[in-house]
Amino acid sequence: MLILSIDTSAIASAALLTGEGEILAAFATEDTRSHAEVLAPGIKNLMDTAGVSPEELDAVVVGVGPGPFTGLRSGIVTARTLGFAWNKPVHGVMSLDAIAVDAALDAWRLGIDEFAVATDARRKEVYWAHYRSTGGTAELLAGPFVSDPADVPQLPVYGVGAGLYPEVLHGVSGFAEAQPTASALGRTAVVRLVRGLPLLDTTPLYLRESDAKVPGPRKRAL
């Protein structure tokens with residue numbers, strides 16, 4: 001099994017993974033505002049470097065958020081377009097799960113039963129979800145949500161949200177800058193695909209209404 005994984009819920013990233021979860025190649029930017037410019041060239045370079053052709057892929061998976069409108073759309077539209085052009089199935093994965101998969105292993109090591117994952121939602125808010133660590137895997141208990149950091153339960157928090165609001169959130173050492181990446185998201189998807197478990201569709205989890213509004217009818221001039 002070969003999977004192309006894409007996530008643009010925060011940074012733009014992509015990865016190629018085997019059915020065993022081995023990462024053949026990956027890239028990730030640090031810029032949170034240039035997704036559309038870097039994603040397609042990055043994926044082409046990724047596949048060329050790994051020597052993988054579209055015909056060899058079994059599926060495309062994409063992070064469906066939560067995330068901001070413009071960035072999230074870039075990844076989802078790219079994944080849908082490639083899936084259509086290459087005649088491959090396209091699956092969605094909640095982007096916070098990409099942090100939770102690594103957080104669960106750390107939580108299990110530290111003896112933490114329940115934890116939260118939080119990322120930057122801007123406007124002094126965070127995207128977050130509540131998980132349980134079960135033998136090194138993450139079980140989603142609630143979420144995703146967007147809210148004031150003070151509304152996040154008093155749990156150990158993984159993700160860049162904790163780094164942004166350390167006075168409110170109980171961040172876990174070593175994870176204060178963690179962002180969702182396609183590599184971790186792909187590992188989550190591979191486990192579910194191998195086990196025959198369902199994945200999401202590619203409907204984006206925006207959690208907010210768009211700031212852009214359809215203009216109303218033009219007023220008549222008297």
Colleague: Considering only distance and modelled atom types, tabulate donor-acceptor pairs under 3.5 Å from the side chains of residues 189-202, sequence neighbours left out.
Modeller:
{"unit_1": "R192", "atom_1": "NE", "unit_2": "P198", "atom_2": "O", "d": "2.9"}
{"unit_1": "R192", "atom_1": "NH2", "unit_2": "P198", "atom_2": "O", "d": "3.1"}
{"unit_1": "D201", "atom_1": "OD1", "unit_2": "T203", "atom_2": "N", "d": "2.9"}
{"unit_1": "D201", "atom_1": "OD1", "unit_2": "T203", "atom_2": "OG1", "d": "3.0"}
{"unit_1": "D201", "atom_1": "OD2", "unit_2": "T203", "atom_2": "OG1", "d": "3.4"}
{"unit_1": "T202", "atom_1": "OG1", "unit_2": "R80", "atom_2": "NE", "d": "2.9"}
{"unit_1": "T202", "atom_1": "OG1", "unit_2": "R80", "atom_2": "NH2", "d": "3.2"}

Colleague: Output every pair passing ring-ring contact (aromatic ring centres under 6.0 Å, His included) with a member in residues 179-203, not counting sequence neighbours, ordered by first then second residue.
Modeller: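 Residue pairs with at least one partner in residues 179-203: there are none.
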Colleague: Does A12 offer a backbone N or O that forms a donor-acceptor pair with the side chain of T8 under 3.5 Å?
Modeller: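 Between the backbone of A12 and the side chain of T8 there is no qualifying donor-acceptor contact (under 3.5 Å).
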Colleague: Does P89 have any side chain to side chain contact (heavy atoms under 4.5 Å, CB included) partners at least two apart in sequence or in another chain, and if so, which?
Modeller: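 Listed in chain order: A59, H91.
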Colleague: Given the rule that I, L, V, M, F, W and Y join up when any side-chain heavy atoms are under 4.5 Å apart, are F27 and V52 in one cluster?
Modeller: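 Yes; V52 is reachable from F27 via cluster members.
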Colleague: Sequence neighbours excluded, which residues qualify as side chain to side chain donor-acceptor pair (under 3.5 Å) partners of N45?
Modeller: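 Listed in chain order: nothing, the list is empty.
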Colleague: Please enumerate all residues that pass side chain to side chain contact (heavy atoms under 4.5 Å, CB included) together with A118, with sequence neighbours excluded.
Modeller: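 Here the qualifying residues are V126, W128, V157, L169.
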Colleague: If hydrophobic clusters are built by linking Ile, Leu, Val, Met, Phe, Trp and Tyr wherever their side-chain heavy atoms come under 4.5 Å apart, do V77 and L46 end up in the same one?
Modeller: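 As far as the 4.5 Å side-chain criterion goes, L46 and V77 are not connected within one cluster.
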Colleague: Y127 versus R122: any side-chain heavy-atom pair under 4.5 Å?
Modeller: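 A side-chain contact is absent here, since even the closest heavy-atom pair is not under 4.5 Å.
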Colleague: Do I76 and F69 land in one hydrophobic cluster if side-chain heavy atoms of ILVMFWY residues count as linked below 4.5 Å?
Modeller: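 Linked, I76 and F69 end up in one cluster.
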Colleague: Would you list the pairs meeting side-chain hydrogen bond (donor to acceptor under 3.5 Å, both in side chains) in which at least one residue belongs to residues 95-104, sequence neighbours left out?
Modeller: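 Listed by first then second residue: D7-S95, S9-S95, D97-Y131, D102-R187.
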Colleague: Can you name the side chain to side chain donor-acceptor pair (under 3.5 Å) partners of H130, sequence neighbours left out?
Modeller: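 With neighbours one apart ignored, the set is E114.
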Colleague: Can you tell me how far the CD1 atom of I112 sits from the CG atom of L110, to the nearest 0.5 Å?
Modeller: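 Going from CD1 on I112 over to CG on L110, the span is 4.5 Å.
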Colleague: Sequence neighbours excluded, which residues qualify as side chain to side chain contact (heavy atoms under 4.5 Å, CB included) partners of D58?
Modeller: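 Residues passing side chain to side chain contact (heavy atoms under 4.5 Å, CB included) with D58: M1, L2.
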Colleague: Return the minimal non-hydrogen interatomic distance between A26 and A15, and the atom names on each side.
Modeller: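 Answer, listing the atom of A26 first, then A15: CB-CB, 3.9 Å.
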Colleague: For residues P166 and G163, report the shortest heavy-atom separation together with the two atoms involved.
Modeller: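 For P166 versus G163, the nearest heavy atoms are CD-O, 3.4 Å.
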Colleague: Do the non-hydrogen side-chain atoms of S133 and D113 ever get within less than 4.5 Å of each other?
Modeller: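 Answer no - side chains too far apart.
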Colleague: Compare every heavy atom of D120 with every heavy atom of E125, then report the nearest pair and how far apart it is.
Modeller: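 Where E125 meets D120 most closely, the heavy atoms are O-OD1, 3.9 Å.
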Colleague: Give a yes or no answer on whether the side chain of T29 reaches the backbone of I11 with a donor-acceptor pair at less than 3.5 Å.
Modeller: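 Not confirmed, T29 side chain does not pair with I11 backbone.
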Colleague: Under 4.5 Å between side-chain heavy atoms, counting indirect links through other Ile/Leu/Val/Met/Phe/Trp/Tyr residues: same cluster for M94 and V60 or not?
Modeller: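 Yes, because M94 and V60 connect within a single hydrophobic cluster, where side-chain heavy atoms sit under 4.5 Å apart.
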Colleague: Ignoring hydrogens, what is the shortest heavy-atom contact between L72 and V64? Give both atom names and the distance.
Modeller: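 It is CD2-O, 3.5 Å.
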Colleague: Please examine the side chains of L16 and I23, heavy atoms only from C-beta on, and report whether any two atoms are closer than 4.5 Å.
Modeller: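 SC-SC contact between I23 and L16 ruled out.
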Colleague: Closest approach of L140 and A129, non-hydrogen atoms and distance?
Modeller: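 So the two residues come closest at CD1-CB, 3.8 Å.
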Colleague: Kindly write out the residues that satisfy side chain to side chain donor-acceptor pair (under 3.5 Å) with T81, not counting sequence neighbours, or none if the list is empty.
Modeller: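 Residues passing side chain to side chain donor-acceptor pair (under 3.5 Å) with T81: none at all.
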Colleague: Could you pull out all residues at least two apart from E55 that satisfy side chain to side chain donor-acceptor pair (under 3.5 Å)?
Modeller: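 Listed in chain order: S53.
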Colleague: On a heavy-atom basis, which atom in M47 and which in P54 lie closest, and how many Å separate them?
Modeller: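 In terms of heavy atoms, the two residues are closest at CE-N, 3.7 Å.
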Colleague: When you compare the side chain of T119 with that of I99, does any pair of heavy atoms fall below 4.5 Å?
Modeller: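 Yes; the side chains approach each other to less than 4.5 Å.
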Colleague: Treating K88 as the side-chain partner and L82 as the backbone partner, does any N or O pair qualify as donor plus acceptor under 3.5 Å?
Modeller: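 Side chain of K88 to backbone of L82, a donor-acceptor pair under 3.5 Å: no, none is there.
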Colleague: Would you give the length of the straight line joining atom CZ of R132 to atom OG1 of T137, rounded to the nearest 0.5 angstrom?
Modeller: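 Separation between the atoms: 11.0 Å.
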Colleague: Which residue pairs pass the ring-ring contact (aromatic ring centres under 6.0 Å, His included) test when at least one of the two sits in residues 164-184, sequence neighbours left out?
Modeller: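 The answer is Y158-F175.
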Colleague: Can you list everything that forms a ring-ring contact (aromatic ring centres under 6.0 Å, His included) with F84? Sequence neighbours excluded, please.
Modeller: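 Partners of F84 by the ring-ring contact (aromatic ring centres under 6.0 Å, His included) criterion come out as none, since no residue qualifies.
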Colleague: Report the C-alpha separation of F115 and V172 in whole Å, then their side-chain angles, then the decisive distance to 0.1 Å, and conclude whether the side-chain contact (heavy atoms from CB on, under 4.5 Å) test is met.
Modeller: CA-CA 10 Å; F115 62 92; V172 178; over 6 Å; no
Colleague: Step by step, would you call V93 with V62 a side-chain contact (heavy atoms from CB on, under 4.5 Å)?
Modeller: CA-CA 6 Å; V93 177; V62 62; over 6 Å; no
Colleague: Given V61, which partner from the list L185, I6, V90, L17 fulfils the side-chain contact (heavy atoms from CB on, under 4.5 Å) test?
Modeller: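 Exactly one option meets the side-chain contact (heavy atoms from CB on, under 4.5 Å) with V61, and it is L185.
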Colleague: Is it true that L96 and F145 fall in one hydrophobic cluster, defined by side-chain heavy atoms closer than 4.5 Å?
Modeller: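 Per the 4.5 Å side-chain linkage, L96 and F145 are not co-clustered.
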